[in-house]
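The structure under discussion appears below in the form of structure tokens.
Just the heavy atoms: all of them, side chains too, but no hydrogens, waters or symmetry mates, feed the values below. Only a predicted model underlies this, so the values are computations on that prediction, with no experimental measurement involved. We count residues from 1, following the sequence as given.
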Amino acid sequence: MHGEYKVPGGKLVVVDLDSRDGVLRDVTVAGDFFLEPDEAILAINGALEGAPADTDAAGLAARIDAALPAGTTMYGLTAEGVAVAVRRALAHATDWNDYDWQLIHEAPQSPALHMALDEVITAEVAAGRRPPTLRVWEWGAPAVVIGSFQSLRNEVDPEGAERHGITVVRRISGGGAMFIEPGNTITYSLSVPDALVQGLSFADSYAYLDDWVLGALGDMGVKAWYQPLNDIATEAGKIAGAAQKRMVADDGAVLHHVTMAYDIDADKMLDVLRIGKEKLSDKGTKSAKKRVDPLRRQTGLPREAVIERMIASFRSRYGLSEGKVTDEEMARARELAATKFSSEEWTARVP
């Protein structure tokens, strides 16, 4: 069995092992990390050898920590990262490079249609009728997108939304509200087979699926990192928020979508969103304006150039062919947009 895991902000960990009679055998840990002293790698292998195969990641990491020689130093490596690689090997997880990725980047769509396309495309990936897909959104209208479990009245000021001509839609994933203006927002979705995140905890899957975009931002001079559970942050503030939805039909798939602030009209946002003191307090700031630091300032690049560089970075890592929404997918999405995502019943399902 073979498992790989790139430690967030660190290096690649590769584990080869067997499982016999319910325990781990012939464990070999490798990767492009740095580790001192040399015998520490033998201690890691030894700690895993003979471990019950059903040991969770936390238990495996504890075994590794207990076995490390005094004074061990890890660079780009953690005991938790090794443990995750082991769990991925046992779960027969796939890797990014195991797939032929497809890009969808089409004309602007309405907010409700974007919600529907996420659901339809991810369901198609789950059914095996579509390859794993990176979809870059173009917004046809300003919007507020609220999370699946948020209260509409608690999150949005209806008078402010009407005053600024903003459509309110509810997505199928959890998380918080997103304030969208077409020229100021970069949004993308990843629709991936469940096998890609096998062996990862829900929290770990966010970091794993966000890793490529951190590299893309780094290439543009933006030092960004994953901030649990679902933010992408820099020293100047948050620049993006992610959300996920697991599809359980067929072989399963994961929808992971991210909204990034290229620029922002903070006054308008505050006129539309009801951002409470409690939400601000856990971010360590007194002003909602200080929570977001747009990419326009940090990169100095036009929005289109930022998107082009993100796509190029993904393509250089994993390959990416041009694709499109099929006629059948679009027909289903339009129906869902009309019957579900534009309906009061769905949008106000949590009043």
Side-chain angles (χ1 to χ4, degrees), residues 103-121 133-147 150 155-173 175-191 213 216-217 220 222 232 237-243 255-273 275 288-289 291-312 314 324-325 330 333-334 336-338 341-342 347:
L103 170 69
I104 294 175
H105 187 195
E106 298 185 338
Q109 309 284 4
S110 71
L113 187 56
H114 276 309
M115 303 303 107
L117 283 168
D118 262 357
E119 181 169 330
V120 169
I121 288 171
T133 299
L134 167 66
R135 184 170 74 91
V136 179
W137 303 21
E138 294 294 345
W139 291 90
V144 168
V145 183
I146 60 175
Q150 287 190 294
E155 297 299 326
V156 182
D157 183 322
E159 293 180 356
E162 183 177 0
R163 185 162 49 249
H164 296 291
I166 289 175
T167 301
V168 181
V169 291
R170 184 185 296 275
R171 62 181 183 267
I172 61 173
S173 62
M178 296 294 182
F179 177 74
I180 307 295
E181 292 187 291
N184 289 345
T185 305
I186 297 173
T187 303
Y188 67 86
S189 301
L190 285 169
S191 296
V213 81
L217 290 169
M220 289 181 265
V222 179
I232 297 174
K238 173 182 173 179
I239 57 173
L255 168 65
H256 179 91
H257 42 201
V258 174
T259 294
M260 313 179 79
Y262 172 72
D263 205 348
I264 194 164
D265 184 334
D267 290 327
K268 186 185 295 185
M269 178 185 72
L270 293 176
D271 199 33
V272 175
L273 294 183
I275 300 175
K289 295 182 181 181
R291 287 185 57 199
V292 180
D293 192 65
L295 285 171
R296 180 178 183 176
R297 187 192 68 78
Q298 294 204 41
T299 65
L301 295 170
R303 175 181 176 273
E304 294 74 15
V306 174
I307 292 173
E308 288 173 3
R309 293 194 185 194
M310 288 170 57
I311 291 171
F314 191 102
K324 65 177 184 177
V325 179
M330 183 58 77
R334 290 190 188 284
L336 267 180
F341 293 105
S342 296
T347 305

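Nearest approach of Leu301 to Tyr262, heavy atoms of both residues: O-OH, 2.6 Å. When every heavy atom of Ile146 is checked against every heavy atom of Thr347, the shortest pair comes out as CD1-O, 4.0 Å. Of all the heavy atoms in Phe341 and Arg170, the pair that sits closest is CD2-O, 3.4 Å. Closest non-hydrogen pair, Ile186 versus Val306, comes out as CD1-CG1, 3.6 Å. Nearest heavy-atom pair across Ala337 and Ser342 is O-OG, 2.7 Å. Minimum heavy-atom separation, Leu117 to Ala333: CD2-CB, 3.6 Å.
Rounding to the nearest 0.5 angstrom, the gap separating the CD1 atom in Ile239 from the CG atom in Leu217 is 5.0 Å. To the nearest 0.5 angstrom, Asp293 atom CG is 4.5 Å from Gln298 atom CD. Separating the OG1 atom in Thr133 from the CG atom in Leu255 is a distance of 11.0 Å, to the nearest 0.5 Å. For the atom pair CZ of Arg309 and CD1 of Ile307, the computed distance is 13.0 Å after rounding to the nearest 0.5 Å. If you take CD1 on Ile121 and CG on Leu190, they are separated by 11.5 Å, rounding to the nearest 0.5 Å. The NZ atom of Lys238 sits 10.0 Å away from the CD1 atom of Ile232 when rounded to the nearest 0.5 Å.
Between the side chains of Ser173 and Arg171, at least one donor N or O lies within less than 3.5 Å of an accepting N or O.
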Passes side chain to side chain contact (heavy atoms under 4.5 Å, CB included), Leu113 versus Met330? Steps please.
CA-CA 9 Å; Leu113 187 56; Met330 183 58 77; 4.0 Å; yes
Does the pair Val145 and Thr259 meet the rule for a side chain to side chain contact (heavy atoms under 4.5 Å, CB included), with working shown?
CA-CA 10 Å; Val145 183; Thr259 294; over 6 Å; no
The test is side chain to side chain contact (heavy atoms under 4.5 Å, CB included); show your working for Met115 and Ile172 and say whether it passes.
CA-CA 8 Å; Met115 303 303 107; Ile172 61 173; over 6 Å; no
Yes or no on side chain to side chain contact (heavy atoms under 4.5 Å, CB included) for His257 and Met178, after CA distance, side-chain angles and deciding distance?
CA-CA 12 Å; His257 42 201; Met178 296 294 182; over 6 Å; no
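Within a 6.0 Å sphere centred on CD of Glu162, heavy atoms belonging to other residues, nucleotides or ligands number 12 at most.
Listed for the Gln150 side chain is no donor-acceptor partner under 3.5 Å among the backbone atoms of Glu155. Formation of a donor-acceptor pair under 3.5 Å by the His114 side chain with backbone atoms of Glu138 is found in this model.
One finds no salt bridge joining Asp263 and Arg303 here, because no Lys/Arg side-chain nitrogen approaches an Asp/Glu carboxylate oxygen to under 4.0 Å.
Side-chain contact between Asp271 and Asp157 is absent, with no heavy-atom pair separated by less than 4.5 Å. In this structure, the side chains of Tyr188 and Val213 come closer than 4.5 Å at one or more pairs of heavy atoms.
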